[in-house]
Structure formats: structure tokens, C-alpha cells
Amino acid sequence: MEFFLIIISAIFVNNIMLAQFLGTCPFLGVSNKVSTATGMSGAVVFVITLATLVTYLINKYLLVVFGLEFLQTIAFILVIAALVQMVEIVLKKISPSLYQALGIFLPLITTNCAVLGVALNVVTKEFTFGGGAAHMLNLGESVVYAFATALGYGMALILFAGLREHLELNDVPETFKGVPIALVTCGILAMAFMGFSGMV
Amino acid sequence: MSNRKFDIFAKGFFKENPTFVLLLGMCPTLATTTSAINGLSMGLATLFVLVLSNIVISAIAPLVPDKVHIPVYIVVIATFVTILQFAMQAYTPDMYKTLGLFIPLIVVNCIVLGRAEAFASKNGIVDSALDGLGIGFGFTMSLTILGMVREILGSGSIFGWKFISGDGLLVFVMAPGAFLAMGYLMVLFNRIAKKN
């Protein structure tokens, strides 16, 4: 039940993009086509889940043990950067087809603040789900939360790309062309997602 | 101040405004501008990191091997972000709580790494400091304007001074309002830029 609540909450209610604004730059950058948005979503789900798992373990068994929590920001960003490089190398070797699909998006992900944001969130914030008591997440919950959050990001990205593909065909006023109309569309999409608030 | 130095400083406000023209650092721009004072604080926090990291990076750039320059720059930036975190926890704990996650996330703010890569690594210390100041103040200005618009519409106040009783259009304080306000401000900015 708890896991179910985490998943619903992370995907719909507290959607990382539409409610928390993490990862806006790639969101606006790669949402021109549904196909690129799908590739980016796959890469994001993969990296966020893996990065959260690794940073959670590093935080718990290295930083906390030695009282070095203040190094979280530096340690996490280095771990994420190294991890992304490693994932790239490993994928290239064991699954060239997956590498082809995700490859160009992987280097971009290091600077996607959603990755660092989720990693920092799960080790610093207390969460409440469905009226339960506020508590720090354990390893299982963290990974599920990270996975669901990334799915929510991917869903928002693909939905938005679909909308933008249609926008291309419309006659938009000159000054609204490009990013401004995308932002206004995004605002309306975020408004639709507000309907989920209070669900969990 | 010579003309060239002034240009380096001034370009961040309009010609290369990081928010409205270069579209960098959108996450903190949208997330922290629920009020004018929050936007201003976030802008100043970014300015602090930007100026110091620009200075240090322009000083060490000739010594850094090309292959590892990005990780080195990130470590420099992350160091200043950590210093900023400590300073804010000590002196402005309330603001630190309000801005929350977005203070550590300055590390991945593309403006900071972008300026390091595009300007500080190729220019002298004084120029880099001026560039950091200009871009930083440009960013602060954009965030404050966006924060003011959202605060006026959303809670009917400006810098905390309330001029209407009751609530405003609450949606502007929440997530969708950020996108809408930013979108329309950008339209306005495009329009002014086109006129000039």
C-alpha cells in the first residue's frame, strides 16, 4: 500500500516537472518531437533510479558514518557525473541498440537538475504519504520514489511533446513563437495536473 | 571604466539576459519566484557563486588539463555552493528554508557552468569578475521582476507590503502561474527587443 501511495504521489500529485520545476531546461529543449522525448524519458528513468540508489548508499554508509554530510552536494554531483559516464561506456559495450536510442541524451543528463534534486531530496527531506507519519525514506522506498518520480517526468515530457507537435501546425502570433507559447502551454498542463492535488 | 569593460558588465542585463534571451537556469527561475523577495534572494545567491567561481576558474584555467576541465569546474562551483549553504544556514536560516533544494541545485544551474566554459576559461580575472557580476545581476533582475509580477497577481502585495485585502489570484503563486507569468513576460521582452 505504502509503495502504491509513493508511486501515485510521485507521478501525479507532486509531479517533479509540473509541480516542482526540476529539469525544466531539458524539458523545454528536447520536447519538440515525441520520439526524442521518449528517448530522453528512457534515459532519465534509467539514470535517476540508478543515481538515487548509489547516492543513497554512499550517503548512508560513507558520509553519515564519517560525519561528512556537508559534502553531500559535491559528492553527489561527482558521483552522478561519473555514473553517467560509466552507464554510457557500459551500454555501448553490452547493448549497442539501447545505446543508440539513449546515447545522445546521456551526457545531457549530468546537468539535469532532476537527477541531483531527487538524490538530495531522498536523503534530506521527510516524506508523508497518505496521512502516515513523516519519516525519512529507507532504501527500498527511496528507489521506488526515484523510479516513480522519473516516470512522472517522462510522462510529462512525452505529453508535452505531443502538445508541441500540434502547436507547430498552428498559426501562433509572431512574438509568442517558440518558447513563450511552449511556456503558456506548459502552464495550462500544470493547471490540469493541479486537479490531482489532494488525491494522496 | 573603459568602454569594453562596461560592455562586458552591461550585456547581462538585456542583450544576453540569461533568463529571457539565453533561457538558462529555468528551474530556479520558475520555482523560487513565488514572491519578489524570494526571487531577489535566489538571484543574489546565484550571483555570489557565479562571481566567485568565475574568478577562480579564470585564475586556474591555464593550469587545468583539457580532458578534465569540466569535472574541475564543477568541483570549484560545488565548493562555493557549499560555502553559500553554510553562510545562509548561519545568517539567513528562514530564507535558506524557503529556497530549500534550489540552493544546492545552483551546482547544476547551466548559467554558472556556461559562463565558466564560455567566458571565464578564456578571459582574465577582472573581465571574468565583471562578466559574473553582469550576468548575475541580469539574472537577479529577471527573477525579481518575475517574482514581483507573481506576487502582485498572486497575493496582492509587493515585497511583502499588501495593497489589497484578501487573497489574489492564488494560481500565480502556484506552479501553473510560474509558467504563465514567465511566458507572457518573455513575449513582452521579445516585443521590446524587436522595437529596438
Side-chain angles (χ1 to χ4, degrees), chain A residues 14-29 70-78 80-82 85 107-121 124-125 172-194 197, chain B residues 20-33 70-71 74-86 89 100-114 170-172 174-195:
Chain A
N14 290 312
N15 187 287
I16 187 164
M17 172 57 219
L18 296 168
Q20 300 180 46
F21 305 107
L22 292 177
T24 317
C25 301
F27 189 80
L28 293 171
F70 65 91
L71 282 179
Q72 269 166 356
T73 312
I74 301 183
F76 284 14
I77 188 69
L78 285 179
I80 289 167
Q85 287 273 311
L108 283 176
I109 286 183
T110 313
T111 50
N112 185 337
C113 56
V115 183
L116 185 61
V118 171
L120 282 171
N121 247 345
T124 51
K125 236 171 76 178
V172 179
E174 189 61 35
T175 39
F176 273 90
K177 278 210 172 105
V179 179
I181 190 72
L183 281 169
V184 174
T185 315
C186 200
I188 296 168
L189 190 61
M191 232 182 264
F193 266 73
M194 270 171 73
S197 62
Chain B
F20 293 116
V21 179
L22 305 179
L23 294 174
L24 295 175
M26 293 301 276
C27 311
T29 306
L30 295 170
T32 60
T33 50
I70 297 274
I74 289 182
V75 172
V76 172
I77 295 166
T79 310
F80 285 118
V81 170
T82 308
I83 293 171
L84 174 74
Q85 275 180 285
F86 279 146
Q89 268 168 343
L101 188 59
F102 288 91
I103 295 297
L105 284 183
I106 295 176
V107 177
V108 282
N109 188 329
C110 4
I111 297 175
V112 184
L113 190 60
L170 265 184
V171 73
F172 277 97
M174 290 190 273
F179 291 111
L180 292 178
M182 182 69 202
Y184 281 101
L185 274 181
M186 210 176 264
V187 169
L188 201 69
F189 203 86
N190 283 351
R191 182 124 191 118
I192 297 168
K194 211 157 267 168
K195 279 236 172 88

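Order of the sequence lines fixes the chain letters, A, B, ..., with proteins taken first and strands second; residue numbering starts at 1 for each chain.
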Tell me which of these, [options], has more heavy-atom pairs under 4.5 Å with chain A than the rest.
options                      : answer
B:N109, B:L188, B:L105       : B:L105
B:P28, B:A78, B:P176, B:G177 : B:P176
B:A193, B:C110, B:P104       : B:P104

Under 4.5 Å from a heavy atom of chain A, the part of [X] involved:
X      : answer
B:T29  : neither
B:L30  : both
B:F86  : side chain
B:V187 : both

Reported [atom1]-to-[atom2] distance for the pair [X] and [Y], which is rounded to 0.5 angstrom:
X      : Y      : atom1 : atom2 : answer
B:L23  : A:T24  : CG    : OG1   : 11.5 Å
A:F70  : B:T82  : CZ    : OG1   : 8.5 Å
B:N190 : A:E174 : CG    : CD    : 9.5 Å
A:F21  : A:N15  : CZ    : CG    : 11.0 Å
A:L189 : A:L18  : CG    : CG    : 5.0 Å

Would you say A:T124 and A:Q72 make side-chain contact, with heavy atoms under 4.5 Å?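 The answer is yes; the side chains approach within 4.5 Å.
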
Go through the atoms of [X] and report whether side chain, backbone, both or neither lie under 4.5 Å from a heavy atom of chain B.
X      : answer
A:L28  : side chain
A:I74  : both
A:L116 : both
A:M194 : side chain
A:Q20  : backbone

Where B:F179 and A:C186 come nearest, the two heavy atoms and their spacing: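 Scanning both residues completely, I find the closest heavy atoms to be CE2-SG, 3.5 Å.
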
Pairs of heavy atoms under 4.5 Å with chain B: top-ranked of A:A192, A:A182, A:P173, A:G117: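 When all of A:A192, A:A182, A:P173, A:G117 are compared, A:G117 has the most.
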
Residue pair B:F189, B:V21: steps toward the side chain to side chain contact (heavy atoms under 4.5 Å, CB included) verdict: CA-CA 9 Å; B:F189 203 86; B:V21 179; 3.5 Å; yes

Tell me whether the count of non-hydrogen atoms from other residues, nucleotides or ligands lying under 6.0 Å of OH in B:Y184 goes above 12.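 Check fails, neighbour count at 12 or below.
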
